[in-house]
Colleague: 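Here's a structure for you.
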Protein chains: 2
Amino acid sequence: MSDEPTDVVHLSPRLADRSTWSAESCTMAATMATIGTRGSLMCLRESFYGVRRFEEFVSRVGLSEAVVAARLKDLVAAGLLERRPYREPGQRVRDEYVLTEAGHDLLPALVSLMQWGDRWLTPDGRGPIALRHHGSCGETVRAELRCGAGHQVVASDVEASPGVRARPRA
Amino acid sequence: MSDEPTDVVHLSPRLADRSTWSAESCTMAATMATIGTRGSLMCLRESFYGVRRFEEFVSRVGLSEAVVAARLKDLVAAGLLERRPYREPGQRVRDEYVLTEAGHDLLPALVSLMQWGDRWLTPDGRGPIALRHHGSCGETVRAELRCGAGHQVVASDVEASPGVRARPRA
DNA sequence: TGCCTGGCTATGGTGATCACTAGTCAGGAG
DNA sequence: CTCCTGACTAGTGATCACCATAGCCAGGCA
C-alpha cells in the first residue's frame, strides 16, 4: 500500500503486479457505451422522475425529437426501457416507455453521477434536486460504497481481486 | 404514486407537477461532460488501480498515446488528477498523475457503472474484477443507495424534492 | 556540442452524436 | 374516401472523440 495520503484501492496478491493483468474486459466501458450518450442519460433520468410518454420526454430532455426517438429506441433495444401500449379515450393506441429491472438497477449509477456533480460542479456543493428517504427518516439519500455485511467502505479499504471467472492475461 | 410494479422515485408536492419544473440544471450531464469519454473513464479507472505514470496509463488503457495524453491533461484541468514530479536516479524529472479529493470522490460512480455492467452485460452476472472490504469482513463491495441515517434505500422509497437553492421554472 | 528519449502536439481521416429540415407512415375521425 | 396527427426516419452539416502518422520540445547523457 502506498503511504501517500491519496490512497487508491488495494490490489489482492494475484493482482499486485499490474503488468500481469489488464482491465480491458472491465464492463464499465460497456455500460458507458450502453447509456453514455447525453440523450440516453437524460431519458433515463426523466424515466426515474416518472416520465413515460414520448412528448414529455421531448419536452423535458431538451434534445430534438429525432434524437429522443433514436435514444428511446436504443434504450428499449438495450433492455432498459420497455414499450407499453396505452390509449386515451377517443384516441389511437400509443406506447409509453417504462423502466425495466435493468433500467431500475441503474439508479445508483445515476445518483452517484449527480451527487458528484452536485458536490464538485456547483458553487455551493448542492444541486437543484435533492433525494430523500421517503416514508422513513426523510434523510438525504446518496450512493455509498457498502459491503455485503452492510459496513460503509472507504476507498482505502477496497480490495480488488479476480472475479470468479477472471483469467490471467493471455 | 404509481400502482405499476416498476416504481420510480416519488416527487415531493412541489415537484409533483412535472410541467412546472425541469431537470435541465441537473449536474449529471455536466459530470458526464467532465468524465464521460472513454479515455477519461479508463484513465480514472486505472488511477484507482494505482497507476500513476504515463507509460503505464498508455499500456493499460489501450488507447493511443495522443489520446491518453489529451485525456490526462483534461483530467488535470478538471481537478480530478494532479501532476506530481518524481525522479528515478540518473534520469530527468518526470510527472506522475495522482487522484485528487475530487477524483477520489468518483469511486462510487465508477463502482456503480462497473457493477451494473457486471450484472447486466455479462453472461453470468459477474465481472473480471471483484471488489471486497479489505481489512474487515472481506465481503463484496458495491455502490448502494443509503440515507443519512444509514438505512438502505430502494428506488421506490426515494423522494425527489427541490434542493436548497432550486427555484421554480422561470 | 550532438544525440537520445519520454511526453506531448498537430494533421487528416473516420465514425458517432446532435441540430435542423423535410418527409413518411399508420391509426382514427369525419 | 380524405385529412389530421403523433411518432418516427432520412439527409445534410457541424462538432467531437479517437486513430495513425509525423513532428516538436526539453532534459540529461556522452
Side-chain angles (χ1 to χ4, degrees), chain A residues 19 24 26 28-47 51-78 80-98, chain B residues 19 24 26 28-47 51-78 80-98:
Chain A
S19 67
E24 68 189 348
C26 171
M28 196 185 294
T31 300
M32 289 294 292
T34 303
I35 65 157
T37 61
R38 185 183 177 86
S40 293
L41 207 71
M42 300 301 101
C43 288
L44 285 166
R45 180 192 69 200
E46 294 306 325
S47 293
V51 175
R52 294 181 160 204
R53 296 184 183 177
F54 182 78
E55 174 183 10
E56 197 177 3
F57 276 113
V58 171
S59 156
R60 293 176 61 82
V61 162
L63 300 176
S64 65
E65 285 186 5
V67 168
V68 173
R71 296 293 86 79
L72 286 173
K73 186 175 183 179
D74 291 343
L75 292 170
V76 170
L80 305 183
L81 292 174
E82 66 184 33
R83 299 165 73 101
R84 249 197 236 163
Y86 75 99
R87 183 184 186 144
E88 301 279 3
Q91 294 191 26
R92 84 181 79 171
V93 166
R94 282 183 278 178
D95 286 330
E96 303 187 309
Y97 294 89
V98 175
Chain B
S19 66
E24 69 189 348
C26 172
M28 195 186 294
T31 300
M32 289 294 292
T34 304
I35 65 154
T37 62
R38 186 184 177 85
S40 293
L41 208 70
M42 300 301 100
C43 288
L44 284 166
R45 181 194 68 200
E46 295 305 325
S47 292
V51 175
R52 295 179 160 206
R53 296 183 184 179
F54 182 78
E55 175 183 9
E56 195 176 4
F57 276 113
V58 171
S59 158
R60 293 175 60 82
V61 163
L63 298 175
S64 66
E65 285 186 6
V67 169
V68 172
R71 295 296 84 78
L72 286 173
K73 185 174 183 178
D74 291 343
L75 293 170
V76 169
L80 305 182
L81 293 176
E82 67 185 34
R83 297 167 73 104
R84 250 198 236 160
Y86 76 98
R87 182 182 188 146
E88 302 278 4
Q91 293 191 27
R92 83 182 77 173
V93 167
R94 284 183 280 179
D95 287 327
E96 305 188 305
Y97 295 89
V98 175

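By convention in this document, chain letters (A, B, ...) are assigned in the order of the sequence lines, proteins followed by strands, and residues within each chain are numbered from 1.
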Colleague: If I take atom CG in residue B/L72 and atom C1' in nucleotide C/dG6, what distance separates them, rounded to the nearest angstrom?
Modeller: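 Spelled out: CG on B/L72 to C1' on C/dG6 is 14 Å.
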Colleague: Just the rounded figure in Å: distance from C1' of D/dG6 to CD of A/E65.
Modeller: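 My rounded result for the distance is 8 Å.
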Colleague: Any idea which heavy atoms bring B/E65 and B/F54 closest together, and the distance?
Modeller: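 Minimum heavy-atom contact is O-CZ, 3.8 Å.
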Colleague: Which whole-number value in Å describes the distance from A/R83 CZ to D/dG6 P?
Modeller: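 My rounded result for the distance is 16 Å.
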Colleague: Is a side-chain donor or acceptor of A/S59 paired with a backbone partner of A/E55 at a separation under 3.5 angstrom?
Modeller: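 No, the answer is negative, given that no donor and acceptor are paired below the 3.5 Å cut-off.
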Colleague: Can you give one letter per nucleotide of nucleotides 13-19 of chain D, going 5' to 3': B for a protein heavy atom under 4.0 Å from the base, S for sugar-phosphate only, - for none?
Modeller: ----SSS
Colleague: Is a side-chain donor or acceptor of A/R71 paired with a backbone partner of A/L75 at a separation under 3.5 angstrom?
Modeller: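 Side chain of A/R71 to backbone of A/L75: no pair is present.
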Colleague: Over how many whole Å does the gap from B/R53 atom CZ to C/dC8 atom C1' extend?
Modeller: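 Value for this atom pair: 18 Å.
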Colleague: Over how many whole Å does the gap from B/Y86 atom OH to D/dG28 atom P extend?
Modeller: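 After rounding, the gap between these two atoms is 13 Å.
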Colleague: Look for any protein N or O under 3.5 Å of an N or O in nucleotides 12-14 of chain C and output each such pair with its distance, or none.
Modeller:
none

Colleague: Distance-only, no hydrogens or angles: does the A/S40 side chain make a donor-acceptor pair with backbone N or O of A/G36 under 3.5 Å?
Modeller: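 Not at all, since once roles are kept as given, no pair shorter than 3.5 Å links the two residues.
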Colleague: Does a salt bridge link B/R94 with B/E96, judged by any charged N lying under 4.0 Å from a carboxylate O?
Modeller: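 No, no charged N to carboxylate O under 4.0 Å.
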Colleague: Taking atom CZ of A/R45 as the centre, report whether more than 12 heavy atoms of other residues, nucleotides or ligands fall under 6.0 Å from it.
Modeller: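 Result for CZ/A/R45: enclosed.
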Colleague: So, taking the atom named OG in B/S47 and the one named CG in B/L72, what distance separates them when rounded to the nearest 0.5 Å?
Modeller: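 Interatomic distance, B/S47 OG to B/L72 CG, rounded to 0.5 Å: 7.0 Å.
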Colleague: Taking DNA chain C as the partner, which of residues 88-95 of chain B come within under 4.0 angstrom of it by heavy atom?
Modeller: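 Hits under 4.0 Å, by residue number: B/R92, B/R94.
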Colleague: Carefully, step by step, assess B/L80 and B/T34 under the rule side chain to side chain contact (heavy atoms under 4.5 Å, CB included).
Modeller: CA-CA 9 Å; B/L80 305 182; B/T34 304; 4.1 Å; yes
Colleague: Could you measure the distance from the CG atom of A/L81 to the SG atom of A/C43? Nearest 0.5 Å is fine.
Modeller: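 The distance works out to 7.5 Å.
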Colleague: Which part of the nucleic acid, if any, lies within contact of B/F57, taking any heavy atom under 4.0 Å across all strands shown: a base, the sugar-phosphate backbone alone, or nothing?
Modeller: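 No contact.
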Colleague: Hey, could you give me the CZ/CG distance between B/R84 and B/D95, rounded to the nearest 0.5 Å?
Modeller: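 Atom-to-atom, B/R84:CZ and B/D95:CG are 11.0 Å apart.
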Colleague: Hey, does the side chain of B/K73 come within less than 4.0 Å of C/dG7's phosphate (OP1/OP2), counting only N and O?
Modeller: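 No.
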Colleague: Quick one: pull up OH in A/Y97 and CD in A/E82 and give me the separation to the nearest 0.5 Å.
Modeller: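 One gets 12.0 Å once the value is rounded to the nearest 0.5 Å.
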Colleague: Provide, to the nearest angstrom, the distance between the CD atom belonging to A/E55 and the C1' atom belonging to D/dC8.
Modeller: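 The answer, rounded to whole Å, is 15 Å.
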